[in-house]
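Worksheet for the structure shown next.
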Amino acid sequence: MNDNSSTGTLIREFARLYVRDQRIHASCGDAASTVQCHLMTELLREDGLTQQTLVTRLGLDKSWISRATDALVAEGSLKKTTNPDNRRSVNLSLTPAGRQRASLLDAQLSSHADQLLSTANAAQLALVRAAMQILLPAAQNRKAATCTPQKAKPGKNLTRLTLLDSELHISPAMEADWPAISRLLQGLGLSLDGAKEHLNNFKLIQAGKELLGCAGLEIYGKSALLRSLAIKPEAQGQHCGIRLVQYMINTVGVAGVKHLYLLTTDAEAYFHKLGFEKIDTSKLPAALQASRQLQGACPASAIAMLLKIKKTN
């Protein structure tokens, strides 16, 4: 970032760093996952939304919203009621306990925001406030300008990847692939911290020349960290992620790695099906402390998981 950066670029860079820091800060005051935090604070502002409305507003995968919703209902923070306009769907509302929890979380996040401005003087604060009074209405007015995906042409619909199985292949990532990889990770809300430094251990899954997903490894002697598993929304549900994970497991086995670790906020069940077991974060080996993922790129609430690698012949 330099003095010649555009105003839009500066806003985006601030938003990126701010959101990353807020995720870490939120996890310190509440055990909720990042997705659960998004759900509660959104419902705190407008209660009684449908799950699909939340998917659209938050731009998150429907399965993530569904899992977070079920967890919050089980904890007594959310309740489901039949949608009077469509009896096949339900409205989600905060319970009294959930509203109190969301209010506390919201206050903690606002306090964190205030801390960022603690070094500014009165004149600077006035400038920031004036800028916010311009930006907020502009952002709020863009709610109606959401993206409507175009229907894919026959034969090119990525949600029907079974038709393209013969074209699927996994290959090493190259330097020239980094722009596409970074767009994919950012689009799914995944951290770029440390990713480019380990690009030589990233693999891509493609259909022909179309990038569908990626995954990376950070190798530290006999231990390795699986990171940045990302699949394009259009390709999810077609086992691309499973193929990538299995490929990475084979890769570390050949490399002599004995223990493969990962950090996740909301995919514990997914990785458990692939053989990973939840462990206490205190059990992570000291060698992994060099990873940016353990230095704050992942929320403090992230779950650590381990797969013991079987010997390969």
Side-chain angles (χ1 to χ4, degrees), residues 18-115 140 143 188-191 233 236-237 262-274 276-284 296-306:
Y18 177 72
V19 169
R20 185 178 70 185
D21 202 32
Q22 281 254 297
R23 287 172 178 166
I24 298 170
H25 185 84
S27 65
C28 293
D30 193 293
S33 70
T34 300
V35 178
Q36 290 172 348
C37 288
H38 283 313
L39 279 178
M40 287 192 290
T41 53
E42 191 71 24
L43 289 172
L44 187 62
R45 284 155 179 77
E46 186 176 351
D47 214 13
L49 299 176
T50 65
Q51 185 170 295
Q52 186 55 50
T53 299
L54 286 165
V55 168
T56 303
R57 286 193 182 185
L58 298 176
L60 296 173
D61 186 82
K62 187 175 181 178
S63 62
W64 295 1
I65 297 290
S66 181
R67 287 196 297 269
T69 296
D70 290 343
L72 290 171
V73 169
E75 293 169 4
S77 294
L78 277 189
K79 64 178 179 181
K80 297 180 179 180
T81 55
T82 302
N83 182 355
D85 298 323
N86 182 356
R87 300 190 66 82
R88 291 182 297 177
S89 67
V90 296
N91 290 342
L92 301 175
S93 302
L94 292 167
T95 63
R99 181 163 293 278
Q100 182 179 22
R101 181 183 180 187
S103 297
L104 286 172
L105 177 61
D106 204 51
Q108 290 167 358
L109 295 177
S110 294
S111 174
H112 167 254
D114 290 337
Q115 290 172 20
Q140 290 165 345
K143 285 184 178 179
L188 293 173
L190 299 178
S191 171
Q236 291 175 7
L262 62 83
L263 296 171
T264 181
T265 56
D266 51 18
E268 179 185 354
Y270 176 85
F271 287 110
H272 182 72
K273 291 178 181 178
L274 295 173
F276 287 83
E277 297 293 336
K278 180 180 177 180
I279 61 170
D280 192 278
T281 52
S282 64
K283 302 295 184 182
L284 291 170
C298 277
S301 58
I303 294 168
M305 302 189 77
L306 164 66

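Because the structure is predicted, anything quoted here is derived from the model rather than measured.
Proximity of a side-chain donor or acceptor of D47 to a complementary backbone N or O of L94 within less than 3.5 Å is detected.
Remark: D280 pairs with S282 by the side-chain hydrogen bond (donor to acceptor under 3.5 Å, both in side chains) rule, at least two apart or across chains. Among residues two or more places apart in sequence or in another chain, the side-chain contact (heavy atoms from CB on, under 4.5 Å) test is passed with E268 by K278, I303, M305. Considering only residues two or more places apart in sequence or on other chains, T95 meets the side-chain hydrogen bond (donor to acceptor under 3.5 Å, both in side chains) condition with none of them. Remark: T41 pairs with no residue by the side-chain hydrogen bond (donor to acceptor under 3.5 Å, both in side chains) rule, at least two apart or across chains.
Within 6.0 Å of CD on Q100 lie no more than 12 heavy atoms contributed by other residues, nucleotides or ligands.
In terms of heavy atoms, A68 sits closest to L39 at CB-CD1, 3.5 Å. Across all non-hydrogen atoms, the minimal contact from L284 to A304 is CD2-CB, 4.1 Å. Annotation for G48 and N91: closest pair O-CG, 3.5 Å, computed over non-hydrogen atoms.
Applying the salt bridge (Lys or Arg N to Asp or Glu O under 4.0 Å) test to residues at least two apart or on different chains, the pairs with a partner in residues 105-115 are R45-D106.
Taken to the nearest 0.5 Å, the CZ atom of F276 stands 5.0 Å off from the CG atom of L262. The CD atom of E42 sits 13.0 Å away from the SG atom of C37 when rounded to the nearest 0.5 Å. Within the model, atoms OG1 of T69 and CD of Q51 stand 4.5 Å from one another, a figure rounded to the nearest 0.5 Å. Annotation: the span from L263 atom CG to T281 atom OG1 amounts to 8.5 Å, rounded to 0.5 Å. Rounded to the nearest 0.5 angstrom, K283 NZ and L306 CG are separated by 11.5 Å.
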N/O donor to acceptor pairs below 3.5 angstrom from side-chain atoms of residues 71-80, sequence neighbours left out:
residue	atom	partner	partner atom	Å
E75	OE1	R101	NH1	2.8
S77	OG	R101	NH1	3.1
K80	NZ	D70	OD1	3.3

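Under the 4.5 Å side-chain criterion, counting only non-hydrogen atoms from C-beta, L105 is not in contact with Q36. You'll find the side chain of S66 stays beyond 4.5 Å of the side chain of V55, heavy atoms only.
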